[in-house]
Amino acid sequence: EKNVLMFLVFLIFVVVGVNIFNSMRRQVYERREEISVLSALGGKEHSIQLIFIMSGFIIGFSGSITGLLLGLLISVQINGLFSLIEIGINGILSFISLLISGKSDTGFSLFSPVYFYLTEVPSRVILSEVVWICLFGMVSSVAAAWAASRRVLGLSPAEVLRDE
């Protein structure tokens, strides 16, 4: 189960990396005039490329930290979240049955002992895995931004500015 989950996390990061690559590639294309002006004024290609790489790092860092905090919050409070869902579903079912039959006798349970042998979801946070996943998220976004920003190196300021 753990290997399958890690494989799914890897696939999620591949999809995220492709999305970041496409958005950064679009950003390079939209900003080619500005890139050409910077190049014409003496900006080094690698310095201009670093702007896009840092943008990818900021995207990866903010996404990883947000996902880390939300994931830890949900994993620590998962049983409380399921209790809240049960309360919400029971409230809705009770309201519907009150409207239909005039009685309120529902007792929905996510972990009914009739169907499940568990009464709660066991949750264990392994710090080393959390850190590796968070770092992999940041590295994948930086790699996608680097791959997309390689196009900066091929832009010719004269050709781009001539068209304007």
Side-chain angles (χ1 to χ4, degrees), residues 1-89 92 110-111 116 118-164:
E1 292 176 12
K2 190 174 181 178
N3 290 336
V4 170
L5 286 176
M6 290 302 271
F7 180 70
L8 288 174
V9 167
F10 173 75
L11 287 178
I12 289 169
F13 282 130
V14 167
V15 170
V16 168
V18 167
N19 286 335
I20 291 172
F21 172 77
N22 286 330
S23 70
M24 294 300 287
R25 194 176 70 185
R26 186 178 59 242
Q27 187 178 15
V28 168
Y29 180 76
E30 289 173 354
R31 299 189 183 272
R32 67 184 185 275
E33 292 88 14
E34 297 162 10
I35 293 168
S36 297
V37 169
L38 286 173
S39 294
L41 292 175
K44 294 187 177 12
E45 293 172 339
H46 293 288
S47 299
I48 298 169
Q49 186 181 19
L50 186 63
I51 294 169
F52 293 99
I53 293 172
M54 290 306 293
S55 176
F57 174 75
I58 291 170
I59 291 169
F61 181 78
S62 61
S64 293
I65 295 301
T66 304
L68 174 73
L69 294 176
L70 285 174
L72 287 176
L73 179 70
I74 290 173
S75 66
V76 169
Q77 299 294 329
I78 190 72
N79 293 314
L81 183 66
F82 281 144
S83 296
L84 187 66
I85 291 171
E86 283 181 3
I87 291 169
I89 290 174
I92 292 170
L110 283 175
F111 294 113
F116 298 105
L118 292 173
T119 57
E120 63 181 20
V121 175
S123 176
R124 186 178 75 190
V125 177
I126 301 171
L127 185 64
S128 62
E129 291 179 0
V130 170
V131 168
W132 279 110
I133 289 171
C134 190
L135 287 176
F136 186 70
M138 286 187 239
V139 167
S140 66
S141 66
V142 169
W146 173 78
S149 67
R150 288 186 312 169
R151 187 167 183 195
V152 170
L153 301 175
L155 289 177
S156 171
E159 291 178 17
V160 173
L161 294 174
R162 179 185 55 197
D163 293 338
E164 293 299 317

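Note that the numbering runs from 1 along the sequence shown for the chain.
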Trainee: Among pairs that include at least one residue of residues 62-78, which meet salt bridge (Lys or Arg N to Asp or Glu O under 4.0 Å), considering only residues two or more places apart or in two chains?
Mentor: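 Passing the test, one end in residues 62-78: no pairs.
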Trainee: State, with a plain yes or no, whether a side-chain heavy atom of F82 is found less than 4.5 Å away from one of I85.
Mentor: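 The answer is yes, as the side chains (C-beta and beyond) meet within the 4.5 Å cut-off.
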Trainee: Sequence neighbours excluded, which residues qualify as side-chain contact (heavy atoms from CB on, under 4.5 Å) partners of N19?
Mentor: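 So N19 forms a side-chain contact (heavy atoms from CB on, under 4.5 Å) with V15.
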Trainee: Could you tell me the separation between the CG atom of L68 and the CG atom of L73, rounded to the nearest 0.5 Å?
Mentor: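 If we round to the nearest 0.5 Å, L68:CG and L73:CG are 11.0 Å apart.
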Trainee: Taking all atoms of both residues into account, what is the closest heavy-atom pair of V76 and S123, and its distance?
Mentor: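 Distance-wise, the nearest heavy atoms are N-OG, 4.4 Å.
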Trainee: Can you tell me how far apart CZ (R150) and CD1 (I53) are? Round to the nearest 0.5 Å.
Mentor: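 Going from CZ on R150 over to CD1 on I53, the span is 10.5 Å.
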Trainee: Restricting to pairs with a member in residues 62-77, which pass side chain to side chain donor-acceptor pair (under 3.5 Å), not counting sequence neighbours?
Mentor: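 Matches after skipping sequence neighbours: none remain.
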Trainee: Identify the two heavy atoms, one from V28 and one from S149, that lie closest to each other, and give their separation to 0.1 Å.
Mentor: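 What the structure gives for the nearest pair is CG2-CA, 4.3 Å.
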Trainee: Could you work out, with side-chain hydrogen bond (donor to acceptor under 3.5 Å, both in side chains) as the rule, every residue matching E34, not counting sequence neighbours?
Mentor: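 By the side-chain hydrogen bond (donor to acceptor under 3.5 Å, both in side chains) rule, E34 matches R31.
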Trainee: Side-chain donor-acceptor pairs under 3.5 Å in residues 125-137, sequence neighbours left out?
Mentor:
residue	atom	partner	partner atom	Å
E129	OE2	K2	NZ	2.4

Trainee: CZ of F52 to CZ of R25: how many Å apart, nearest 0.5 Å?
Mentor: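 Rounded to the nearest 0.5 Å, the CZ-CZ separation comes out at 13.5 Å.
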Trainee: Output the distance between atom CD (Q27) and atom CD1 (I51), rounded to the nearest 0.5 Å.
Mentor: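 Between Q27 CD and I51 CD1, I get 10.0 Å after rounding to 0.5 Å.
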Trainee: Might you point out which heavy atoms bring S141 and G56 nearest each other, and give the distance in Å?
Mentor: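 Looking at all heavy atoms of both residues, the shortest contact is OG-O, 3.3 Å.
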Trainee: Excluding sequence neighbours, so at least two apart, what forms side-chain contact (heavy atoms from CB on, under 4.5 Å) with A145?
Mentor: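 Partners of A145 by the side-chain contact (heavy atoms from CB on, under 4.5 Å) criterion, ordered by chain and then number, come out as M24.
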